[in-house]
J.: 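First the structure, which I've put down as structure tokens, then a few questions once you've had a look.
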Amino acid sequence: MEEDDIPSVLEIENVSFQNPWQASTFSGEIVNRGISYPYVIMHRIFERIIGYIIYWKIQEEVQISNFAIHPDFRGKGIGEAVMRRVIKAIQRDGGVYVFLEVRPSNLAARSLYKKLEFEILGARKGYYHTPVEDALIMGRPL
Ligand SMILES: CC(C)(COP(=O)(O)OP(=O)(O)OC[C@H]1O[C@@H](n2cnc3c(N)ncnc32)[C@H](O)[C@@H]1OP(=O)(O)O)[C@@H](O)C(=O)NCCC(=O)NCCS
């Protein structure tokens, strides 16, 4: 992800989350190289951004901090392919454990993570707002 990508990323972010990140948050991720790994997913034929994934790697632990696919491109196996590729990249880079947080009501994402062998490790009470909801912490060894 680069600064010029942010308008396209925000379009997806705003239709994907009830509390979307602001442009400045994405900019912060871009400059936080070495800890933050922000990637866009490009459609080869349409040459447009159809999703993004951001993860933080701190020593051997990885936290997926943001991940979305444009609604027009969901349900086609793209999210799963991206996650599998990211997991491989993290493994190659020495990561040993990956975590993420997800709304319990986000059944699509939970189903994807379960398919990828993530397990529920716990919950953070009232982590999300508008609407308030706990976060499920999911993770898997690599
Ligand atoms: C979660 C998300 C990234 C999945 O991306 P996707 O490209 O649509 O997912 P895929 O087509 O690769 O689906 C892979 C698996 O995810 C699950 N899944 C995807 N969409 C689903 C849906 N609508 N209902 C239930 N399960 C679903 C299924 O397990 C599916 O496997 P299957 O096809 O064998 O049933 C996408 O729905 C999204 O961007 N959602 C909004 C943002 C978001 O919630 N991000 C995650 C925050 S933690």
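Residue indices begin at 1 and follow the sequence shown.
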J.: How many angstroms lie between CG in D93 and NZ in K88, if you round to the nearest 0.5 Å?
T.: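 Taking CG in D93 and NZ in K88, the distance rounds to 15.5 Å.
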
J.: Run the side-chain hydrogen bond (donor to acceptor under 3.5 Å, both in side chains) test against D5 and tell me which residues pass, sequence neighbours left out.
T.: none

J.: Return the minimal non-hydrogen interatomic distance between I53 and V82, and the atom names on each side.
T.: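 Nearest heavy atoms, I53 then V82: CG2-CG1, 4.0 Å.
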
J.: Side chains of E13 and Y52: closer than 4.5 Å at any heavy-atom pair?
T.: yes

J.: Please check if V9 and F73 belong to a single hydrophobic cluster, counting links between Ile, Leu, Val, Met, Phe, Trp and Tyr side chain heavy atoms closer than 4.5 Å.
T.: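 As far as the 4.5 Å side-chain criterion goes, F73 and V9 are not connected within one cluster.
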
J.: According to a 4.5 Å side-chain heavy-atom criterion applied to Ile, Leu, Val, Met, Phe, Trp and Tyr, with indirect links allowed, do I54 and I30 form part of one hydrophobic cluster?
T.: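 I54 and I30: one cluster.
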
J.: For N32, give me all partners under side-chain hydrogen bond (donor to acceptor under 3.5 Å, both in side chains), at least two apart in sequence or on another chain.
T.: none

J.: Hey, quick one: are V102 and V86 part of the same hydrophobic cluster, counting side-chain heavy atoms closer than 4.5 Å, chains of contacts allowed?
T.: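 Same cluster: V102 reaches V86 through Ile, Leu, Val, Met, Phe, Trp or Tyr contacts under 4.5 Å.
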
J.: Say you draw a straight line from CD1 of I69 to CD1 of I78; how long is it, rounded to the nearest 0.5 Å?
T.: 6.0 Å

J.: Quick one: OH on Y128 to CG on L136, what's the gap to the nearest 0.5 Å?
T.: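 CG of L136 is found 8.0 Å from OH of Y128.
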
J.: Can you list the residues that meet the side-chain hydrogen bond (donor to acceptor under 3.5 Å, both in side chains) rule with S16, with sequence neighbours excluded?
T.: R74

J.: Between R140 and I87, is any pair of side-chain heavy atoms under 4.5 Å apart?
T.: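 Side chain of R140 against side chain of I87, heavy atoms only: contact under 4.5 Å found.
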
J.: Heavy atoms only: give me the nearest F17-F67 pair and the separation to one decimal.
T.: CZ-O, 3.5 Å

J.: For residues 76-98, which residue pairs qualify under ring pair (Phe, Tyr, Trp, His ring centres under 6.0 Å), counting only residues two or more places apart or in two chains?
T.: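 For residues 76-98, and leaving out neighbouring residues, the ring pair (Phe, Tyr, Trp, His ring centres under 6.0 Å) pairs sorted by first residue read Y97-F99.
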
J.: V98 versus I64: any side-chain heavy-atom pair under 4.5 Å?
T.: yes

J.: How close do P104 and R110 get, counting heavy atoms only, and between which atoms?
T.: O-NH1, 2.7 Å

J.: Looking only at heavy atoms, what is the nearest atom pair of A68 and I12, with distance?
T.: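 Taking A68 first and I12 second, the nearest heavy atoms are CB-CG2, 4.1 Å.
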
J.: Under the 3.5 angstrom rule, does the side chain of H43 hit a backbone N or O of I45 as a donor-acceptor pair?
T.: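 Yes.
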
J.: Could you list the donor-acceptor pairs under 3.5 angstrom formed by side chains in residues 20-29, with sequence neighbours left out?
T.:
{"unit_1": "S27", "atom_1": "OG", "unit_2": "E3", "atom_2": "OE1", "d": "3.4"}
{"unit_1": "S27", "atom_1": "OG", "unit_2": "E3", "atom_2": "OE2", "d": "2.9"}
{"unit_1": "S27", "atom_1": "OG", "unit_2": "A23", "atom_2": "O", "d": "3.2"}
{"unit_1": "E29", "atom_1": "OE1", "unit_2": "S36", "atom_2": "OG", "d": "2.5"}
{"unit_1": "E29", "atom_1": "OE1", "unit_2": "W56", "atom_2": "NE1", "d": "2.7"}

J.: Grouping I, L, V, M, F, W and Y whenever their side-chain heavy atoms are under 4.5 Å apart, do F46 and I49 come out in a common cluster?
T.: no

J.: How long is the gap from CZ on R85 to CD1 on I90, to the nearest 0.5 Å?
T.: 13.0 Å

J.: Restricting to salt bridge (charged side-chain N to carboxylate O under 4.0 Å, His left out), what partner residues turn up for D134, sequence neighbours left out?
T.: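 Per chain and number, D134 pairs via salt bridge (charged side-chain N to carboxylate O under 4.0 Å, His left out) with K125.
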
J.: Which residue pairs pass the salt bridge (charged side-chain N to carboxylate O under 4.0 Å, His left out) test when at least one of the two sits in residues 96-105, sequence neighbours left out?
T.: E101-R124, R103-E133

J.: With sequence neighbours left out, which residue pairs that include part of residues 42-63 fulfil the salt bridge (charged side-chain N to carboxylate O under 4.0 Å, His left out) condition?
T.: none

J.: Side-chain contact test, heavy atoms from C-beta onward, threshold under 4.5 Å: evaluate it for E2 versus P38 and give yes or no.
T.: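 Side-chain contact under 4.5 Å: no.
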
J.: Do D72 and I50 come close enough that some side-chain heavy atom pair is under 4.5 Å?
T.: no

J.: Taking side-chain hydrogen bond (donor to acceptor under 3.5 Å, both in side chains) as the definition, give me every residue that meets it alongside Y55, ordered by chain and number, with sequence neighbours left out.
T.: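 Applying side-chain hydrogen bond (donor to acceptor under 3.5 Å, both in side chains) to Y55 gives none.
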
J.: Output side-chain donor-acceptor pairs under 3.5 Å for residues 112-121, partner residues at least two apart or in another chain, one line each.
T.:
{"unit_1": "K115", "atom_1": "NZ", "unit_2": "E80", "atom_2": "OE1", "d": "2.8"}

